[in-house]
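Below: one structure, written as structure tokens.
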Amino acid sequence: MKKILVTGALGQIGSELVVKLREIYGVNQVIGTDIREADGIIAEGPFEVVDVTDASQLYQVANKYDVDTIMHLAALLSAKAEENPKLAWHINMGGLVNALEIARELNLQFFTPSSIGAFGPSTPKDHTPQDTLQRPTTMYGVNKVSGELLSDYYYHRFGVDTRGVRYPGLISHVTLPGGGTTDYAVEIYYEAIKKKAYTSCIASGTYMDMMYMPDALNAIIQLMEADPNRLKHRNAFNISAISAAPEDFAKAIQKHIPEFKLDFQVDPFKQKIADSWPNSIDSSAAAEEWDFKATYDIDKMTAEMLEKVSHKFV
Ligand code: NAD
């Protein structure tokens, strides 16, 4: 039976991943950790406060619970990283190398997500291939490319079973996103319910890849359980479900709330990041090597998001 340590367990992904892993593998098999104290459902199972930049703290918790897998999610996201690049390097690279070292020392299976932020302005924008030019212009992107390479290195050099995906912008209704460039795609649903209107900080016509959280969680579980003999790539599999611009979300929302209005007040800071990312990435390597398949398109996701978010305001 797997025993999994999750870092950054209180974030947008971790708060849902821990619940899902506990359903599959058992409550006591999944140890949540974060730099903050847990409350709510995450606190109902094993949880420890761990700062990932403190290698000995992370090691002690991994050792104490005798885990066989580490899912490393703790990070500073794209917009926040651009506000504080030095802190981003410290957390994103310092935390990652600590987690990889522990995976090496304790012989753990390892997962960490990269991002569409690992691409840059010179990357082909449409059907972005799995293996292509990666010269990102943001600190977050620099961290993510370095993380992909470092994870590959630990596999080739030390035989650590490292695996990872390049996530697109993730959309969910449980925990609000933590300061990324695609956060608007979550906020738009909350504002649709509250005000029937939304002012987008990302310009019309700006296409980015997106995915609904249930597909994102299934991808982790499927990749971690995939037959290693089928994996030609290891880390940073392109995965996407939806390529959309703000007006596509508006059209999908208007099918349920016809009076919904979208206008724009572009944030040049976030727009610059968005413009450096692809319009749509090619997920065929993930499909070939571990059968990745997204199940939510924008309409199916929108129906569920509006229903779930509306329950929060009754
Ligand atoms: P988030 O910002 O919602 O959560 C990150 C968590 O890490 C927070 O709970 C925070 O308290 C914790 N944390 C921060 N510094 C820490 C430290 N020093 N020690 C321990 N914990 C610390 O992020 P998320 O959206 O859940 O993202 C998780 C991972 O997925 C990150 O690597 C991120 O780059 C990647 N990713 C996310 C998205 C997305 O749309 N959410 C897209 C692509 C990639």
Side-chain angles (χ1 to χ4, degrees), residues 5-20 31-40 42 47-55 57-58 61 70-84 87-99 110-119 136 138-148 150-151 164-187 208-213 215-217 219-220 235-242 270 273-274 277-278 281:
L5 185 151
V6 180
T7 72
L10 303 180
Q12 190 194 9
I13 301 175
S15 59
E16 294 193 54
L17 178 65
V18 166
V19 173
K20 176 139 187 138
I31 294 85
T33 71
D34 203 288
I35 199 164
R36 308 174 269 141
E37 275 292 352
D39 55 13
I42 304 293
F47 183 87
E48 302 268 350
V49 173
V50 172
D51 178 347
V52 293
T53 64
D54 183 339
Q57 216 182 22
L58 189 56
V61 173
I70 183 161
M71 296 189 177
H72 178 61
L73 305 179
L76 217 58
L77 268 64
S78 55
K80 279 196 182 166
E82 229 24 47
E83 278 165 20
N84 199 338
L87 180 67
W89 182 270
H90 180 62
I91 295 174
N92 295 353
M93 300 316 301
L96 177 62
V97 83
N98 287 342
F110 186 89
F111 172 86
T112 200
S114 183
S115 156
I116 51 169
F119 298 118
T138 63
M139 177 50 99
Y140 182 70
V142 170
N143 296 162
K144 288 302 185 191
V145 177
S146 310
E148 293 179 5
L150 203 57
S151 301
V165 295
R166 285 186 192 122
Y167 272 137
L170 299 182
I171 295 163
S172 64
H173 54 81
V174 174
T175 303
L176 287 170
T181 306
T182 52
D183 290 9
Y184 89 84
V186 176
E187 288 159 9
M208 286 187 276
D209 289 280
M210 307 277 177
M211 184 180 284
Y212 194 39
M213 191 60 84
D215 281 332
L217 301 183
I220 301 184
N235 296 288
F237 280 95
N238 280 2
I239 57 168
S240 180
I242 297 158
K270 283 194 176 176
I273 301 178
W277 291 359
I281 61 173

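Whatever order the structure lists them in is the order used to number ligands and atoms, beginning at 1.
Between the choices Pro113, Ser115, Gly178, the shortest heavy-atom distance to atom 35 (C) of ligand 1 belongs to Pro113. Of all the listed residues (Asp183, Leu10, Asp34), Asp34 holds the heavy atom that lies closest to atom 11 (O) of ligand 1. Here the shortest heavy-atom distance to atom 38 (C) of ligand 1, taken over Thr181, Thr182, Leu170, belongs to Leu170.
Atom 41 (N) of ligand 1 has as its closest protein heavy atom Gln12 OE1, 2.8 Å. Of the protein's non-hydrogen atoms, Tyr140 OH, 3.5 Å is the one closest to atom 33 (C) of ligand 1. From the protein, the heavy atom lying nearest to atom 43 (C) of ligand 1 is Tyr167 CB, 3.3 Å. The protein atom (non-hydrogen) at minimum distance from atom 23 (O) of ligand 1 is Leu77 CD1, 3.3 Å. Among protein heavy atoms, the minimum distance from atom 14 (C) of ligand 1 is reached at Ala75 O, 4.1 Å. At the top of the distance list for atom 37 (C) of ligand 1, counting protein heavy atoms only, stands Ile13 CD1, 3.8 Å. Nearest to atom 19 (N) of ligand 1 among the protein's heavy atoms is Val52 N, 2.9 Å. Shortest contact from atom 32 (O) of ligand 1 to any protein heavy atom: Lys144 NZ, 2.9 Å.
Put simply, the side chain of Ile220 reaches to within 4.5 Å of the side chain of Met71, judged on heavy atoms. Using a 4.5 Å heavy-atom cutoff, the side chains of Ile13 and Leu217 are in contact. The closest side-chain heavy-atom distance from Lys144 to Pro136 is not below 4.5 Å. Between Phe119 and Arg166 the shortest side-chain heavy-atom distance falls below 4.5 Å.
In terms of modelled atom types and a separation under 3.5 Å, the side chain of Gln12 and the main chain of Leu170 share a donor-acceptor contact. Within the 3.5 Å criterion, the main-chain N or O of Thr181 finds a donor-acceptor partner in the side chain of Ser78.
Of the polar atoms of Gly11, at least one N or O is found under 3.5 Å from an N or O of ligand 1, judged by distance alone. The distance criterion of under 3.5 Å between nitrogen or oxygen atoms is met by Arg36 with respect to ligand 1. The distance criterion of under 3.5 Å between nitrogen or oxygen atoms is not met by Pro177 with respect to ligand 1.
Taking every heavy atom of Val50 and a limit of under 4.0 angstrom, the matching atoms of ligand 1 come to 19 (N), 20 (C). Here is the list of ligand 1 atoms found below 4.0 Å of a heavy atom in Asp51: 17 (C), 18 (N), 19 (N). Remark: ligand 1 atoms within the under-4.0 Å shell around heavy atoms of Ser114 are 43 (C), 44 (C). Atom numbering of ligand 1 starts at 1 in the shown order; those under 4.0 Å from a heavy atom of Gly169 are 40 (O). Close approach of ligand 1 to Leu73 (heavy-atom distance below 4.0 Å) involves ligand atoms 28 (C), 29 (C), 31 (C), 32 (O).
By the 4.0 Å heavy-atom criterion, His72 is excluded from the residues contacting ligand 1. Not close to ligand 1: Thr7, with no non-hydrogen atom less than 4.0 angstrom away. Pro168 counts as a contact of ligand 1, since one of its heavy atoms falls under 4.0 Å from the ligand.
Among Val52, Val6, Val18, the one residue that satisfies the side-chain contact (heavy atoms from CB on, under 4.5 Å) test with Leu73 is Val6.
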